[in-house]
Amino acid sequence: MQAHYRPELIEPEVQRRWQERQAFRAGEDPTRPKYYCLSMFPYPSGRLHMGHVRNYTIGDVLARYHRMRGYNVLQPMGWDAFGLPAENAAIQNGVPPARWTYDNIAYMRGQLKRLGFAIDWSRELTTCRPEYYKWNQWLFLRMLERGLAYQKTGVVNWDPVDQTVLANEQVIDGRGWRTGAPVEKREIPMYYLAITRYAEELLADLDKLPGWPQQVKTMQANWIGKSHGVEIHFPLTPPPISGAGSAGGWGPVLKVFTTRADTLFGVTYLAVAPEHPLAQAAARDNPRLAAFIEDCRKGGVTEAELATQEKRGMDTGLKAYHPFTREALPIWVANYVLMGYGEGAVMAVPAHDARDFAFAQKYGLPIRAVIRPAGEQGGRREEATDLTPHPSALSPDLPYTDKGILFDSGDFSGRSSDDAIEAIALVLNNLGLGEKRVTWRLRDWGISRQRYWGCPIPLIHCEHCGTVPVPDEQLPVLLPEDCVPDGSGNPLAKREDFVRCTCPRCGAPARRETDTMDTFVDSSWYYARYCCPDNDAAMVDARVDYWMPVDQYIGGIEHAILHLLYSRFWSKVMRDLGLVRYDEPFARLLTQGMVLNHIYARRTDKGGIQYFAPDEVEVTTDDKGRIVAARARADGQPVDYLGLGTMSKSKRNGVDPQAIVERYGADTARLFMMFAAPPEQTLEWSETAVEGAHRFLKRLWKAVHEHLKAGAVAAYSPATGVELSPPARELRRLLHETLAKVTDDIERRQQFNTAIAAIMELMNALGRLEGEDAATRSVRQEVLEAVTLMLAPITPHICTVLYEALRPGADLLAAAWPQVDETALKRESVELVLQVNGKLRGHITVPAGADAAAIEQAALASPEAQRFTAGRPVKKVVVVPGRLVNIVL
RNA sequence: GCGCGGGUGGCGGAAUCGGUAGACGCACCGGACUUAAAAUCCGGUACCUCCGGGUGUACGGGUUCGAGUCCCGUCCCGCGCACCA
């Protein structure tokens, strides 16, 4: 073996051998347990970024580990190849999106191979290829047949200058990114998938996912947003004096949904969304109102933008009548009411809702408190008849948004909020003015995009027959690959050769739908297609039953809601069509944190902001190493340090993995990624820490080399009965403790940083072991073999070479994960922490099997206990076996 | 604004079920080797201290024999918010 670690020599050689053997090609083998390890496929943006390296290294460690544990492992890779960046690149440099995308894929595939991931490349798939997207279209048609896909209007960002729909990302401070024109909302026809029909199951089945982070399940549950409430009808005409109590005969009503029907007597106005039919009607003969509603169209459509904009409203002049008190209530138009949720109208209770409160204050609307905290004045039962408003329910404590006890609420006063909600719903129901209802926050999935670089929606518009689905035998509807978008309109609509077609139903000339599908469609089922990428006759086949569900899915936390929810939905649709058998596609999920780096920028003369890459600036640090100043290398002028942020092109703080691999090798890049932080946390880039990882590999190499210089030796085996020196026995114990910890860290905890730290500690201990006798050398061999095997999933190249050096003729790819020798773990005595009143005062050593009484005895007898108790009486002694003793005075 | 996370030495992080705070690594300091430097190896490194000890896990409170960990409140940072992927 070479004396020096030369990754640039060994890594390509090891990779060449893997390729030659097709070592990672996976076949269906029913005799072995399968392990489908999937990392989220990349968007082919041009180059790999550090987030990819992190993602795929985590996946590779788990894949290689499970291979060593005897699993039949599948780790595939592909390309999420449709999307906006390809069109942006086309606008910028005139290259067709297809060409740009395929070139990027070729380059990035090379980068992935250079990192040494154990990927089955024979299953590679690319979503912009017709053989893939054909099945998007096919499944869309199945959904259409079942009413799961349908058309309705939706609101989009409209750039009035470019006459183009803008993605949310393309709206910056309410203006179009290219034109700078104020963006408007516009309603256009779109296709939707009825994900809300699966809302109940998508929510309930979260409980079937014990392998998912609780955080992600909570986010999804909140996103689906099941809420139990009451739909209340406010009559729009004055109710008849007599006949109250009889259902019906109320005339037109304004429907609202509320989860807080208990606050009904606190309603002082009603508010409807600007798009609400009532608002539209009222605006017809009210120019000021029409202007206000028109004004609400300004700005983008994102929820964040709507929620943070100033709350504004205007009285429509219309009235609705309180179902119980018959009081006339003004109806306002308010920009904070969303048309898409509930009924697009709310009953406003300023005293008990923060948004209504702010709105009422702004416009001088009345505020009427009707709920007081239950706990106050004891909250005893007799309080229930006390109808006087509690002082705390008045001004300074408003709005009071928690539940409590009702007052000033007619027959319902004195009831608790929950009781009152039930009772009010019942009475409303009897009056025919409302009922209990379940509402969801989840909306149907709008998949139409007015863009070129996506999967065509397989529909044809015919003058005579209307919208007609493309027949299955005509699929796929091919996307022309030679378009060059220019930033205005939808390029597909300008392609007569694409648009012109004949109606499949009547044969008359017709026009193709030019909208393409949301790219989330592509990524909603690619995991299933990896199982059978070569099947041109069916979307999926029996091989899916073998591999699915994915045993381990790994990807960025930023996908916690949308991508994962859409994939779950798509799976359930495929299941209900009889295509697959699983309910949930991903059994275990690991959401990795983002990769951060320092951000430097400078204000430009024009008021813009200019970013500097970290290697373009020179930093000054204070004596504690903190960055206090920075200047650009180019001009020597100061730049601002903006702290840490996720690596991104726009902030120019990305680090190219290519440079790191070239400089230190793939193993160093992989080791750093796994060591720098636990996978779920953000990771801060640090070049010096990369060097530290590299140093460790050099030390490991040297340790094996030094050990082997004295000749080959078999690893220690307890079966030989050879007596070991106490230090050698200690090291063996540490080895097997480390093995147990590393196994647990990788498999259960998925905390690779602590696994690596434990291995480093073991190597440090190995360095301290002296002695060249055969027994000691055999322990050293055992440790080095085990370390090589434990690191093999993380740094496979160096470990391949070291393992073969340690065991000539052996094959690391066929090696099993090492076993813990339980006999090596035995201890005769244990050290316990001694506390007095919870403070650390010393340590005591007791026999390994000592019981609590014996430990207490030993603790009280120790000199530290004598000293710190100083004869004071001992109140109690807490003994935690194996850990500590606490003497309480 | 709403939902979900996070905040521990100079820095990244460790402490897995409420039980020794700071493992491991980086940086820094000192030493060895060297003509010298790099590389490498060894040692030290939370803060204060009257050297007994005391303080310390964003901030303010609470529960407990014992809190980085649990509870309440506040501040800051990150992710998501449905057309970025």
Side-chain angles (χ1 to χ4, degrees), chain A residues 40 42-43 45 80 83-85 88 154 156-157 165-171 213-216 218-219 221-223 225 301-309 311 336 340 354-355 442-443 445-451 518-520 523 556-563 565-566 591 593-594 596 621-626 643-646 672 675-678 680-686 688-693 695-696 698-699 702 741 744-745 748-749 751 753-754 756-761 764 767 831-835 837-840 843 875-878 880 883-884 886-889:
Chain A
M40 289 181 185
Y43 177 79
S45 56
D80 189 12
L84 210 46
N88 295 340
V156 294
N157 304 304
V165 176
L166 296 179
N168 287 333
E169 180 192 54
Q170 297 171 320
V171 179
Q214 189 53 53
Q215 169 198 5
V216 173
T218 305
M219 281 194 266
N222 290 339
W223 183 263
V301 299
T302 69
E303 192 184 90
E305 192 173 336
L306 296 173
T308 50
Q309 70 189 351
K311 316 259 173 297
Y336 69 89
R355 277 186 314 188
L442 183 67
R443 309 197 295 260
W445 175 11
I447 58 158
S448 297
R449 299 291 180 270
Q450 296 67 44
R451 309 211 185 290
D518 181 3
T519 56
F520 275 124
S523 55
I557 182 66
E558 69 275 18
H559 295 293
I561 297 176
L562 292 178
H563 162 61
L565 191 67
Y566 291 145
T591 49
M594 315 288 283
L596 313 181
T621 53
D622 64 10
D623 54 347
K624 292 189 168 175
R626 278 181 291 238
L644 287 164
T646 56
F672 164 74
F675 181 61
E680 310 218 86
Q681 281 184 36
T682 56
L683 182 151
E684 284 178 36
W685 180 256
S686 158
T688 53
V690 174
E691 282 170 19
R695 262 201 297 270
F696 172 73
K698 282 201 283 192
R699 274 201 301 272
K702 194 171 152 197
K741 177 176 172 54
D744 187 51
D745 277 353
R748 180 182 62 88
R749 298 215 302 149
Q751 298 273 299
N753 56 326
T754 51
I756 294 164
I759 295 169
M760 286 174 168
E761 279 183 81
N764 290 344
E831 191 177 64
L832 301 182
V833 165
L834 176 67
Q835 294 184 339
N837 278 345
K839 284 197 200 315
L840 177 70
H843 296 88
K875 241 187 248 165
K876 105 178 168 183
V877 180
V878 180
V880 184
R883 285 222 175 252
L884 60 67
N886 186 14
I887 299 169
V888 185
L889 300 178

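Chain A is the first sequence line, chain B the second, and so forth, proteins listed ahead of strands; every chain is numbered from 1.
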*Please determine if a side-chain N or O atom of A:Arg449 lies less than 4.0 Å away from the OP1 or OP2 oxygen of B:C83.*
yes
*Let me know, please, whether A:Ser686 or A:Thr302 comes out on the 5' side of the other along RNA chain B by nearest nucleotide.*
A:Ser686
*Can you tell me which stems RNA chain B forms when a stem means 3 or more consecutive Watson-Crick or G-U pairs under 3.5 Å?*
B:1-7 with B:75-81, B:10-12 with B:24-26, B:28-32 with B:40-44, B:46-48 with B:53-55, B:58-62 with B:70-74
*The side chain of A:Arg695 lies closest to which of these nucleotides: B:C41, B:A27, B:C81?*
B:A27
*Rounding to the closest angstrom, what is the interatomic distance between B:G18 and B:C70 at atom C1'?*
8 Å
*At under 4.0 Å between heavy atoms, what does A:Trp445 touch on the DNA or RNA strands: base, sugar-phosphate, or nothing?*
nothing
_Rounded C1' spacing from B:G7 to B:G19 in Å_ = 23 Å
*Are OP1 or OP2 of B:C65 and a side-chain N or O of A:Asn837 less than 4.0 angstrom apart?*
no
*asked:* Within the 4.0 Å heavy-atom criterion, would you say A:Ser45 contacts the bases, only the backbone, or no part of the nucleic acid?
replied: nothing
*Which part of the nucleic acid does A:His843 contact within heavy-atom distance under 4.0 Å: base, sugar-phosphate only, or nothing?*
base
*In whole angstrom, what separates A:Gln751's CD from B:A14's C1'?*
10 Å
_I'd like to check A:Asn157 versus A:Glu169 (side-chain heavy atoms, cut-off strictly below 4.5 Å). Are they in contact?_
no
*Confirm from the modelled atom types if A:Asn886 and B:C65 form a donor-acceptor pair under 3.5 Å, side chain to base only.*
yes
*asked:* Give me syn or anti for B:G9, where syn covers glycosidic angles within 90 degrees of 0.
replied: syn
*Pick the C1' atom in B:G68 and in B:U8, then give their distance to the nearest Å.*
7 Å
*asked:* Side chain of A:Thr754 only, heavy atoms from C-beta on: which candidate in B:A15, B:C24, B:A82 is closest?
replied: B:A15
*Rounding to a whole Å, what distance do you find between A:Leu889:CG and B:G66:P?*
12 Å
*Using a 4.5 Å cut-off on heavy atoms from C-beta on, say whether the side chain of A:Val833 contacts that of A:Leu840.*
yes
*Under 4.0 angstrom, heavy atoms only, what part of the nucleic acid is A:Val165 near: base, sugar-phosphate, or nothing?*
base
*Which comes earlier along RNA chain B counting from the 5' end, the contact point of A:Thr688 or that of A:Gln835, where each point is its nearest nucleotide?*
A:Gln835
*Could you go step by step and tell me if A:Thr302 and A:Asn168 meet the side-chain hydrogen bond (donor to acceptor under 3.5 Å, both in side chains) rule?*
CA-CA 7 Å; A:Thr302 69; A:Asn168 287 333; 5.6 Å; no
*With a 4.0 Å cut-off on heavy atoms, is A:Val888 in touch with a base, just the backbone sugar-phosphate, or nothing at all?*
sugar-phosphate
_Side-chain N or O of A:Gln170 closer than 4.0 Å to phosphate OP1/OP2 of B:C84_ = no
*When we call it a touch if two heavy atoms are under 4.0 Å apart, what does A:Pro678 touch: a base, just sugar-phosphate, or nothing?*
sugar-phosphate
*Any side-chain N or O of A:Asn88 less than 4.0 Å from the OP1 or OP2 oxygen of B:C84?*
no
*Choose from B:U55, B:G25, B:G19 the nucleotide whose nearest atom is closest to any side-chain atom of A:Met760.*
B:G25
*Expressed as a whole number of Å, how far does the P atom of B:G6 sit from that of B:G13?*
13 Å
*Could a donor-acceptor pair under 3.5 angstrom be found where the side chain of A:Arg748 meets the base of B:U16?*
yes
*Under the rule syn = chi within 90° of 0, otherwise anti, which is B:C17?*
syn
*So what does A:Ala676 touch, heavy atoms closer than 4.0 Å: a base, only the sugar-phosphate, or nothing?*
sugar-phosphate
_Among B:A82, B:U20, B:C83, the one nearest A:Leu562 by side-chain distance_ = B:A82
*Rounded to the nearest angstrom, tell me the gap between atom CD1 in A:Ile557 and atom C1' in B:G3.*
12 Å
*asked:* Using OP1 and OP2 only, check whether a side-chain N or O of A:Arg355 sits under 4.0 Å from B:C2.
replied: no
_Side-chain donor/acceptor of A:Gln170 to backbone N/O of A:Ala167, under 3.5 Å_ = yes
*Have a look at A:Phe675 and say if it touches a base, only the backbone sugar-phosphate, or nothing, with a 4.0 Å heavy-atom cut-off.*
base
*Would you kindly check whether a donor in the side chain of A:Lys741 faces an acceptor in the base of B:U16, or vice versa, at under 3.5 angstrom?*
yes
*Assess the side chains of A:Arg449 and A:Thr519: does a donor N or O sit below 3.5 Å from an acceptor N or O?*
no
*Integer-rounded Å distance: B:C84 P and A:Tyr566 OH*: 10 Å
*asked:* Treating A:Asp80 as the side-chain partner and A:Pro42 as the backbone partner, does any N or O pair qualify as donor plus acceptor under 3.5 Å?
replied: no
*Mind checking the NE2-CD spacing from A:His843 to A:Gln835? Nearest 0.5 Å is all I need.*
10.0 Å
*Distance from A:Arg699 atom CZ to A:Met760 atom CE, nearest 0.5 Å?*
7.0 Å
_Check the orientation of A:Phe520 and A:His563. Use parallel for under 30°, tilted for 30 to 60°, and perpendicular for over 60°._
parallel
*Using a cut-off of 4.0 Å on non-hydrogen atoms, how would the nucleic acid contact of A:Gly446 be classed: base, sugar-phosphate, or nothing?*
sugar-phosphate
*Consider the side chain of A:Met219, meaning its heavy atoms from C-beta on, and name the nucleotide among B:G3, B:G5, B:C41 that approaches it most closely.*
B:G3
*Picking from B:U55, B:G13, B:A21, which would you name as closest to the side chain of A:Lys839?*
B:U55
*Interatomic distance, A:Lys702 NZ vs B:U40 P [rounded to whole Å]*: 9 Å
*Residue A:Phe520, side-chain heavy atoms: nucleotide from B:A85, B:G25, B:U40 that is nearest*: B:A85
*Whole-Å distance between B:G13 P and A:Leu596 CG?*
9 Å
_Glycosidic class, syn or anti, of B:G30 using a 90° window around 0_ = anti
*asked:* With heavy-atom distances below 4.5 Å as the criterion, would you say the side chains of A:Leu683 and A:Phe675 are in contact?
replied: no
*Give a yes/no on whether any side-chain N or O of A:Thr519 is located under 4.0 angstrom from OP1 or OP2 of B:A85.*
yes
*Is there a donor N/O on one and an acceptor N/O on the other, under 3.5 Å, for the side chain of A:Gln450 and the base of B:C83?*
yes
*More than 12 heavy atoms of other groups within 6.0 Å of A:Arg883 CZ*: no
*To the nearest Å, give me how far apart CG (A:Asn168) and P (B:C83) are.*
7 Å
*Does OP1 or OP2 of B:A14 have a side-chain N or O of A:Asn753 closer than 4.0 Å?*
yes
*Between B:A14, B:G1, B:A82, which nucleotide gets closest to the side-chain atoms of A:Thr308?*
B:G1
*Nucleotide nearest A:Leu84 when distance is taken to its side chain, options B:A85, B:C65, B:C24*: B:A85
*If you check every side-chain atom of A:Leu442, which of B:G13, B:C83, B:A82 has the closest atom?*
B:A82
*Side-chain donor or acceptor of A:Asn837 paired with backbone N/O of A:Leu889 under 3.5 Å*: yes
*For A:Asn764 and B:C42, give me the distance from atom CG to atom P, rounded to whole Å.*
8 Å
